[in-house]
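Below: the structure, in C-alpha cells.
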Amino acid sequence: MTYHRATLGLALASLLAAAQDPGQRAALDAVEKLAPRFREISRQIWEQPEVGWQEKQSSALLRAELEKHGFRIRSFEGMPTAFAAEWGEGRPVIGILGEYDALPGLSQEDVPERRPRVQGAPGHGCGHNLFGAASALAAVAVKERMLALGLKGTVRFYGTPAEEGGGGKIFLIRAGAFRDADVVLAWHPGDFNAADDNPYLANISARIRFRGTPAHAAGAPEAGRSALDALELTAHAVNLMREHVPQETRMHYIVTSGGAAANIVPESAEMSIIVRHPDLAELARIWERVKKCAEAGALATETKVEIEITSSYANFKRNPPLRDLLDRSLRLAGGVRYTDAERAFIEKIRATLAGREMPPLERAAEVLPPKTSLSSVSTDVGDVSWVVPVGHFTAATMPPGVPLHTWQSTACAGTEIGRKGMMVAARALTLATLELLASPDLVKQARAAFEEAMRGQTYRSLLPEDRRPGQTGH
Ligand SMILES: [Zn+2]
Ligand SMILES: [Zn+2]
C-alpha cells in the first residue's frame, strides 16, 4: 500500500485554511492523525471480502480497533458479526452507522482491467470496506475531541452486517439497538459528494413457489396440474397490473425454477420477485395485490402456492436539519483531487464503461447541492430512519461515472482513489457529530423533523417477525 502523503498534506493544509473555526481545525487534525490505521483496515477488509452475515474478520478488525481506543462493546444475540461500540456518558447519544459486507462474484484486483483476485469469490463492489472504516475513524476522532473539550454525551459506532439483501439493520432495530439513540448519521460510497435528500425506494423481495401434480405431458396430461402454468399466470397478472400501480413502482422478477423436462408436467416452479416504491405504506398495498396474483395463478391451475418474503427495506425518511448539517460538514470536509497517476488509472477504468455518460473528473472535488432526485436503489438505512432521526450523505470513493456493484467500483475501493473518498466521509461525519454533541438545539430540530416526517405513522417492516438473521437475502 502506498499513500500519497505529500498530496494529502497539501489537501489538509488547504482544508485547515478553509476551516476558520479553531474547533473545526482541531477536529480535522484529529481525523488526520488517526487516519493511517483506519486506511489500513479499509484495505484489509477489501483484501478479505466477506458476504453478509459472514463478516467475521471484517467486524473483528473494527471491533478490536474501537476497543483499543476505549470504546465499550455491545453484542447482539444471534448476530455474531453485529456490534455497537460506544464512548462517553449519557445524552445525547449520536450514532454512526458502519457496514462491511461484500458482494458475491465481484472479486477484483486493484487494477483498471477485469482481473479477479480469486475467481468467483466476493468483492467490495459497494465500497463497504471504506464505509465501515470511515465511520469507525470518525467515532474515534469524535472521542478524542470530546475528551479534549470535556463534551458530554455518547458517540456510538454501529457495526451493521448484511446490508446487501440481508437487512442487518432491521434485526438491530428489533433488538432495540436504536431505542436510546438521539440521532444517527450514515454515508455511502458513490461517485459524487452530496448530502442526501431523496427517499430511496422501499422494497420487498420474495420467492413465490408453486406445487402441482406431475404427469406424463403427452401420455396423461389430464392427470397433471402444472406448477409452471401457475407461475406464468401469476407473471401475466403482475404484468397487467403494471398499468394500474403508481408511476414510481418497480416490479421485476426472474424464473428460478420452471420444471425439469418438457415431457413432464412440472410439479414445482419458483419465481423470485422484487417490488419497489418510494413509500413503505404504499408498497404494502401493492404487495397485497401481488399476493392476489399468485393466489389467482394457483386457484386457476389447481396448484398450491407458498410465498416466502426474503427481504424488505423501508424508504428513507428525509430530515432537513440533518441534511443541512451534513451539507455544511461536507463543504468543510472538502472533495477529492486525483494525482496524475490516479487520473491515468481512472481513464483506463472509464474506458471500459463505453456508452455511459462520463461527467468531468473535477466533479469529485466539489460538493454538489443536496441530492433530491428519486434514487432507484434501496438500503436498510431507510428502516433506521423510521425509528430515529437519520442524516445520510454520499462521498466520492469512485471517479465520476463509475457505477456501484461493478468490478470497476471494486477496484477503486481497494486503492488510494477509494481511500480519498473515505477520508471525505470521515471528516464530514466527525464535524457533524461534534456539532450535534455541542448543540442540543440541533438535536431537538432533528427530532422535530423526524416527528413531522412520521406524522402518526409507525414503523412496521414487511419482513415477517419469524425471520432470523442469516435467513434473509435475495
Ligand atoms: Zn450495494
Ligand atoms: Zn452499499
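Both counts, for ligands and for their atoms, begin at 1 and track the order of listing.
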**Request:** Starting from the C-alpha separation in whole Å, work towards a yes-or-no answer on salt bridge (charged side-chain N to carboxylate O under 4.0 Å, His left out) for Arg91 and Asp180.
**Result:** CA-CA 9 Å; Arg91 307 287 285 270; Asp180 63 338; over 6 Å; no
**Item:** Geometric class of the Phe316/Tyr200 ring pair [parallel <30°, tilted 30-60°, perpendicular >60°]
**Value:** perpendicular
**Prompt:** Do any N or O atoms from the side chain of Gln108 and from the backbone of Arg115 form a donor-acceptor pair under 3.5 angstrom?
**Reply:** yes
**Request:** Using modelled atom types only, decide if a donor and an acceptor are shared between the side chain of Ser257 and the backbone of Ala269 within a distance under 3.5 Å.
**Result:** no
**Fill in**
Residues passing the side-chain hydrogen bond (donor to acceptor under 3.5 Å, both in side chains) test with Thr433, sequence neighbours excluded, are none
**Complete:** Near the Zn ion (ligand 2) (protein N/O/S, cut-off 2.8 Å, waters excluded) we have Cys126 SG, His128 NE2, His188 NE2
**Message:** If I consider every N, O or S atom in His405, which one ends up closest to the Zn ion (ligand 1)? I only need its name.
**Reply:** NE2
**Item:** Distance-only donor-acceptor check, side chains Tyr313 and Asp383, under 3.5 Å
**Value:** no
